[in-house]
Each structure stands twice: as C-alpha cells, then as structure tokens.
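In listed order, ligands and their atoms are each counted from 1.
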Amino acid sequence: MRIQMNGWSISYDTAGEGLPLIFIHGFPLSRKVWEPQISGLASYARVILPDLRGHGDSDALPGPYSMDTLAEDCISLMNNLGITQPALVCGLSMGGYVAFAMYRKFADRIAGLILSATRAAGESDEGKAARETAITTAKNNGVNAIADSMLHKMFAPATYASQPDLVHRVQKMMVNTSVNGMVGALEAMRDRPDSTPMLSNIHKPVLILHGEKDQLIPAQKAYELHAAIPGSELVVLENAGHLLNLEKPVEYNQEIRRFLKRF
Ligand code: MLT
C-alpha cells in the first residue's frame with residue numbers, strides 16, 4: 001500500500017488487528033525484510049511495516065535525514081492510519097536507532113519496544129569516518145558497491161552456505177535502495193544521538209533480541225542494553241546473525257508472541 005503523507009508517498013504493509021506492532025527495518029533494506037513476521041504474527045497483533053523514506057518503494061527523497069525525521073515519518077504513518085493507541089515498536093539495527101528516537105520524542109505513543117540487533121551509543125570518531133567513506137562510495141559508485149561491502153556481514157557465517165536463497169533475496173533488497181536513501185540514512189546514522197542516557201528512564205516493557213553470531217553489531221551490545229534498561233528481557237538466538245528475524249524466523253516470532261502476552 002502507498003499513501004501521500006506531508007507531500008510525499010510512503011509505502012507500507014499492514015495485516016491483522018489489535019495492538020499496533022510497527023516493524024522498522026534496518027539499512028539498506030525495506031519492509032520486505034519482515035515477511036516472516038507478517039505471516040507469523042498478524043494473527044496476534046496489527047502488524048504495520050513501513051518502508052523508510054528512500055528505501056523500498058517509498059519515495060527516494062533527497063536528504064538531509066535524521067533519526068528524528070525517520071521517527072516522525074513513522075508517527076505520521078500511525079496518524080494517517082488513524083492509530084491513536086500506543087504501539088509496540090520493533091526496530092532492527094538502524095530501525096532500533098529510529099525506535100529510540102520515537103521513544104525520546106513520542107513516549108506517550110509507545111506501548112513498548114523490541115530492540116533487535118541494535119545498540120544505544122552514538123557514532124564513534126572511527127565510525128563517523130567510515131560513514132563518510134560509505135557516503136562517498138554510494139555517491140560515486142552507486143548502491144551495488146555498498147551492498148557488496150555489507151553483504152558478508154549481514155548473516156551468521158554458516159547462513160551463507162545453509163540459506164543461499166535468503167542471502168540472494170537480501171542482496172536484491174539492498175540494491176533496490178535509492179542512492180538518496182542510502183546517503184540520507186548514512187548521514188542520519190553518522191549523526192545519531194547517544195541514546196545511552198535515556199535507557200534507565202525507559203519504563204515500558206522492552207524485549208531485546210540479538211543474534212549470537214551478529215557480525216555487524218556484536219551481541220555484547222545487547223547485554224549492555226539489558227543491563228541498562230530496567231526490567232528488560234534479553235534473548236540471544238544461537239547461530240543467528242544480524243538478520244536474525246530472517247535467519248531464525250520461528251524462534252524470533254515465538255519470542256515476540258510470548259512478549260505480546262504482556263500487553
Ligand atoms: C543496519 O543494519 O541497519 C546498519 O548496518 C546499522 C549500522 O550500520 O549501524
């Protein structure tokens with residue numbers, strides 16, 4: 001589905017009814033990364049999957065983007081869909097950075113958080129330099145070059161041999177991202193605020209889900225989140241990498257279904 005919002009067009013899917021459950025994809029992916037969650041969770045909640053601006057089928061808006069802009073886009077989508085009830089927000093990786101921004105700006109719209117393969121800290125100086133290099137690469141060499149540089153870290157090492165079709169699907173998703181979207185998201189990740197100070201003030205249910213074999217954001221970051229967020233739950237999925245929701249969909253959905261009972 002596609003709607004006009006604040007002068008641009010956002011694509012999204014929605015299925016099911018009940019508690020709004022928004023899934024926010026990572027970089028440089030799209031709502032299609034949540035396919036196993038639509039099928040496995042739409043009987044338990046009102047699942048909503050946006051394509052962030054510049055990604056998937058949403059308009060390839062030029063920058064600047066920020067985590068706040070992306071968070072506002074998700075809240076605007078909720079408004080356009082007539083959702084006033086607080087939503088459970090599940091963000092994966094960059095989607096987690098957006099979830100933190102949503103909580104920071106719109107806490108009363110949030111029922112709880114599922115933080116997947118993500119981390120709270122802002123970018124280190126080294127990380128900022130790497131973002132600069134990636135921005136130049138995206139502008140000069142296009143989206144394939146970014147996809148090539150990231151694909152080997154998206155999954156647990158064993159997944160490349162055991163699920164080659166999945167790896168191919170994700171590669172296609174990555175190269176479908178616009179240059180504007182990649183550059184905008186890289187700038188937003190470079191400049192993202194440090195969410196660490198807010199962690200002790202999150203007083204809503206939080207589930208942290210991370211892949212034991214995440215090669216992009218090590219599982220240690222999930223343990224740190226768990227230690228800092230009062231009452232949070234932590235599940236580390238064995239033999240799963242950065243895209244744990246795709247690599248281990250049965251286990252991932254099972255943990256979310258269990259968590260949904262708290263609402
Ligand atoms: C993502 O998977 O969303 C990004 O790779 C996260 C990041 O680069 O920090």
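At the shortest separation from atom 9 (O) of ligand 1 among protein heavy atoms lies Tyr97 OH, 2.6 Å. Among protein heavy atoms, the minimum distance from atom 1 (C) of ligand 1 is reached at Ser93 OG, 2.7 Å. Protein heavy atom closest to atom 5 (O) of ligand 1, with residue, atom name and distance, is Met150 CE, 3.5 Å.
Below 4.0 Å from some heavy atom of Gly26 lie the following atoms of ligand 1, by number and element: 3 (O).
Judged purely by distance below 3.5 Å, without hydrogens or angles, the side chains of His226 and Ser232 pair a donor atom with an acceptor atom. Tyr97 and Arg119 are linked by a side-chain donor-acceptor pair at a separation below 3.5 angstrom, with hydrogens and angles left out of the test.
Under a 4.0 Å N-O distance rule, the pair Asp57/Arg31 qualifies as a salt bridge. A salt bridge links Arg258 with Glu233: the distance from a Lys NZ or Arg NE/NH1/NH2 to an Asp or Glu carboxylate oxygen falls below 4.0 Å.
Side chain of Thr137 to main chain of Thr133: a donor-acceptor pair is present (N/O by atom type, distance under 3.5 Å, no hydrogens or angles).
Exactly one of Arg53, Glu187, Met189 qualifies for a side chain to side chain contact (heavy atoms under 4.5 Å, CB included) with Tyr65. That residue is Arg53.
Only side-chain heavy atoms of Arg131 come within less than 4.0 Å of ligand 1; its backbone N, CA, C and O stay farther off. In Arg119, the part holding a heavy atom less than 4.0 Å from any atom of ligand 1 is the side chain.
Residue Ile217 has no N or O atom closer than 3.5 Å to an N or O atom of ligand 1.
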